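Every value quoted in this text rests on a predicted model; they were computed, and no experiment measured them. Side-chain atoms are counted along with the backbone in the values below, which use heavy atoms only and exclude waters and symmetry mates. Below, chains carry the letters A, B, ... as their sequence lines are ordered, and counting in each starts from 1.
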Amino acid sequence: MKETITQLLDTAVATLQGAGELPADLSPAIKVDPTRDKAHGDYATNLALVLAKPAGCKPRDLADKLIAALPENDAIRRTEIAGPGFINFFAATDAIAGIVSQILDAGDTFGRSLIGAGEKVQVEFVSANPTGPLHVGHGRGAAIGDCLCRLLEATGFDVTREFYYNDAGAQINNLMRSVQARAQGLGPDDEGWPEDGYRGDYIADVAQAYLSGETVTADDREVTAKADPDDGDAIRAFAVAYLRREQDLDLKAFGVEFDVYFLESSLYAEGRVEETVNALVAGGHTYEADGALWLRTTDFGDDKDRVMRKSDGDYTYFVPDVAYHYNKWQRGFTTVIDEQGADHHSTVTRVRAGLQALEVGIPQGWPDYVLHQMVLVTRSGVEVKLSKRAGSYVTLRDLIDEVGRDATRYFLAARRADSQLTFDIDLARSQTNDNPVYYIQYAHARVCSVLRKAENDGLAFDHGVAMANLERLDAPQEKALMNRLARYPDSVERAARAREPHQIAQYLTELASDFHTCYNAQKVMVDDAELRNARLALGLATRQVIGNGLALLGVSAPEEM
RNA sequence: GCGCCUAUAGCUCAACCGGAUAGAGCAACGGCCUUCUAAGCCGUAGGUUGCAGGUUCGAGUCCUGCUGGGCGCGCCA
């Protein structure tokens with residue numbers, strides 16, 4: 001429908017150009033939008049407003065000429081000029097209803113597109129170090145990152161989900177010492193407890209499992225405990241595997257799985273850190289000062305230069321970061337998206353600067369970032385601190401157990417990443433029935449219920465009858481619903497381009513609202529078989545689109561509630 | 001002090017590359033179940049889109065300044 005109108009306008013512009021009414025060298029991007037207000041018809045364009053200046057005439061006069069030049073088309077019932085010069089299009093009912101058969105034909109593929117053209121895209125998200133259970137912030141990253149991946153897959157990209165973590169640095173040594181202390185029977189407040197040790201109870205669980213010789217299997221590794229409390233290397237390997245397994249279980253329970261687990265240690269083992277340092281030095285962007293090696297990141301927009309190699313000889317985290325991203329580039333990912341908490345936003349400039357300093361042809365502004373703002377967790381009106389070291393933070397597991405997977409995912413993915421999020425646990429638990437996700441799921445379950453009833457009444461859906469009578473769907477609520485359904489592919493594309501999964505949640509809420517309105521206004525199971533089948537078709541189409549959309553969010557579409 | 005993000009209804013949030021009368025949910029008020037699931041619908045009320053300028057046919061959206069909030073500013077990650 002939208003394409004039809006765009007085409008008609010395109011023809012009209014060409015006609016006016018031929019007649020000398022419009023400059024011939026003009027090739028305007030014709031924008032046709034669904035209207036927000038039914039009084040404005042089904043679609044509208046601002047074309048006359050945009051072209052008024054180059055055409056040298058008043059917008060409304062130009063709109064007149066454009067309409068006069070529009071080719072005849074059965075899909076358009078009538079047009080009108082409104083406001084400053086908008087052209088409103090009122091579509092014929094059967095033209096609107098055509099979307100129903102399109103959806104039923106396309107099924108699960110409705111809304112999918114090929115704009116990604118198979119391009120390799122990597123999305124790195126969560127990337128929590130294996131020093132403790134995942135917290136709510138990781139949950140938000142997991143929800144946004146995974147939904148983003150689903151969106152990119154739906155728009156034709158070849159997506160790799162990647163999880164990067166440090167399995168060998170100072171933090172891991174701290175983890176090892178903490179587990180060792182627990183294995184020796186020490187508590188966080190006892191003498192001999194390591195400074196800045198991880199105080200959480202889970203450390204005791206790790207120690208216990210280690211001492212009992214347990215074997216743990218994470219997605220990317222399997223380790224059997226040596227049970228020797230003096231073997232630091234064995235403890236370290238076991239603790240990492242144990243916590244990785246715990247994170248994997250939480251992520252699975254959240255509906256998130258990764259294709260690649262990338263270890264920071266591998267960058268050292270494979271000489272990639274050395275290689276990166278050498279390349280940076282060779283590039284001439286480094287210098288030595290105060291016994292350290294610096295990178296002149298200020299050449300690339302950073303506000304101060306950064307130390308690469310400390311005076312003690314160790315590299316700062318920033319070097320493996322650059323090496324890692326260089327490796328992503330070498331693996332052929334033309335588009336890389338890093339989803340991470342905004343508290344790490346300073347790495348953005350730094351990593352990009354490091355990549356530019358390599359001078360290996362990586363574009364400026366590569367990679368892309370999606371940064372989510374902090375999640376504030378409250379319980380009983382009191383903020384719960386997110387510090388791992390304090391050991392008292394709300395885990396993703398807590399939320400899944402208390403709130404449920406669907407609601408947690410929806411809650412964390414339904415808002416713009418840019419906005420801060422207060423996750424009130426009491427509210428999330430007590431308001432379970434008020435959560436918008438149930439509003440959407442309920443619409444899905446309601447359609448299913450009607451279809452079941454049709455089946456039970458021996459009045460099963462007849463596709464042929466339905467398709468022959470789609471023009472019977474002419475109630476205003478039905479038209480609104482169909483127009484909404486028609487917008488779904490655009491919504492998916494727009495959300496994918498903007499990297500904003502929350503737009504899908506928004507769309508689904510509006511779609512569910514249109515459906516509920518329709519459901520209350522028009523009874524489906526009427527005696528008139530032609531009308532009934534047409535309405536059943538509309539129900540099927542609605543169910544399909546809600547299901548497709550919820551799948552993008554990783555939220556289930558229940559058949560009954 | 002500098003950098004990034006942010007400010008929209010009482011609360012939580014939307015608003016499609018700048019479009020027409022800024023929309024939902026919760027909370028409030030009034031209606032709707034002998035009819036397909038009332039986890040729903042319909043209606044009422046609720047706004048100087050933080051403030052002040054600017055850009056233009058048109059600004060919540062873009063630009064500048066200011067104010068409030070979050071995050072970051074280490075030879076930590």
Query raised in the report: Starting at the 5' end of RNA chain B, which residue's closest nucleotide do you reach first, A:Ser449 or A:Thr509?
Result: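 Whichever sits nearer the 5' end wins; that is A:Thr509.
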
Query raised in the report: Of A:Val50 and A:Thr517, whose nearest nucleotide on RNA chain B comes first from the 5' end?
Result: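 Residue closer to the 5' terminus by nearest nucleotide: A:Val50.
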
What distance, rounded to whole Å, do you find between the two [atom1] atoms, one in [N] and one in [M]?
N	M	atom1	answer
B:G54	B:A59	P	12 Å
B:C32	B:A38	P	16 Å
B:G25	B:C42	P	8 Å
B:U67	B:C51	C1'	7 Å
B:G3	B:G10	C1'	34 Å
B:A39	B:A20	P	36 Å
B:C17	B:G58	C1'	16 Å
B:G60	B:C76	C1'	40 Å

Pairing nucleotide - [N], Watson-Crick or G-U, each distance under 3.5 Å:
N	answer
B:A20	none
B:C62	B:G54
B:A45	none
B:G68	B:U6
B:A27	none

Given [N], is OP1 or OP2 found less than 4.0 Å from the side-chain N or O atoms of [X]?
X	N	value
A:His502	B:A15	yes
A:Tyr439	B:C41	yes
A:Arg415	B:C13	yes
A:Arg446	B:A38	yes
A:Tyr442	B:A39	yes
A:Lys53	B:C57	yes
A:Arg36	B:A20	yes
A:Arg416	B:A14	yes

Take the protein atom [atom1] of [X] and the nucleotide atom [atom2] of [N], then report the distance between them rounded to whole Å.
X	N	atom1	atom2	result
A:Asp37	B:G23	CG	P	9 Å
A:Arg532	B:U35	CZ	P	20 Å
A:Tyr438	B:A24	OH	P	24 Å
A:Leu412	B:C13	CG	C1'	14 Å
A:Gln503	B:A15	CD	C1'	10 Å
A:His40	B:G23	NE2	P	11 Å
A:Leu421	B:C11	CG	C1'	14 Å
A:Leu62	B:C57	CG	C1'	13 Å

**Report entry** Syn/anti label of B:C41 as read from its glycosidic torsion, with the cut at 90° from 0
**Finding:**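 Chi for B:C41 falls in the anti range.
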
Once you apply a heavy-atom cut-off of 4.0 Å, does [X] come out as touching a base, just sugar-phosphate, or nothing?
X	value
A:Ser419	sugar-phosphate
A:Gln522	base
A:Ala445	base
A:Glu560	base
A:Ala44	base
A:Lys453	sugar-phosphate

Do we see a donor-acceptor contact under 3.5 Å between the side chains of [X] and [Y]?
X	Y	value
A:Gln441	A:Tyr410	no
A:Asn483	A:Asp42	yes
A:Thr298	A:Asp305	yes

Query raised in the report: Can you find a donor-acceptor N/O pair under 3.5 angstrom joining the side chain of A:Tyr317 to the base of B:A77?
Result: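 Yes, the side chain and the base share a sub-3.5 Å donor-acceptor pair.
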
**Report entry** Base of B:A20 paired with side chain of A:Asn88 (donor-acceptor, under 3.5 Å)
**Finding:**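 Yes, a donor-acceptor pair under 3.5 Å.
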
I need the minimum non-hydrogen distance between [X] and [Y], along with the two atoms involved.
X	Y	value
A:Tyr439	A:Ser513	OH-CA, 3.0 Å
A:Arg60	A:Gly85	CG-CA, 4.0 Å
A:Val370	A:Ala417	CG1-CB, 4.3 Å

Query raised in the report: What class does the angle between the rings of A:His135 and A:His138 fall in, given that below 30° is parallel, 30 to 60° is tilted and above 60° is perpendicular?
Result: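 Rings of A:His135 and A:His138: parallel, under 30°.
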
Query - salt bridge (charged side-chain N to carboxylate O under 4.0 Å, His left out) partners of A:Glu493, counting only residues at least two apart - result: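 Once residues adjacent in sequence are excluded, the partners of A:Glu493 under the salt bridge (charged side-chain N to carboxylate O under 4.0 Å, His left out) criterion are A:Arg497.
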
Query raised in the report: Taking the six-membered ring of A:Phe515, is the NZ or CZ of A:Arg446 close enough (under 6.0 Å from the centre) and on axis enough (within 45°)?
Result: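 Checked: cation-pi criterion not met.
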
Requested in this report: Kindly state whether the pair A:Tyr519 / B:G40 counts as stacked, where counting means centroids closer than 5.5 Å and planes tilted less than 30° apart.
Outcome: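 It does not: the two rings, one from A:Tyr519 and one from B:G40, miss the stacking criterion.
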
**Report entry** Candidate nucleotides B:C36, B:G19, B:C5, ranked by approach to the side chain of A:Asp418 - the nearest
**Finding:**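 The nucleotide sitting nearest to the side chain is B:C5.
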
Report task. Compare the minimum distances between each of B:A15, B:G40, B:A20 and the side chain of A:Glu500, then state the nucleotide with the smallest one. Result ->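 Nearest nucleotide to the side chain: B:A15.
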
Query raised in the report: Which nucleotides of nucleotides 70-75 of chain B have their base under 4.0 Å from a protein heavy atom (B), which only their sugar-phosphate (S), and which neither (-), written as one string 5' to 3'?
Result: SBSSSB

Query raised in the report: Can we say A:Arg306 and A:Asp303 salt-bridge, meaning some charged N sits less than 4.0 Å from an Asp/Glu carboxylate O?
Result: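 Result for this pair is yes, salt bridge flagged.
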
Query raised in the report: Hey, is A:Lys2 close enough to A:Asp490 for a salt bridge, meaning N to O under 4.0 Å?
Result: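 Salt bridge: yes.
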
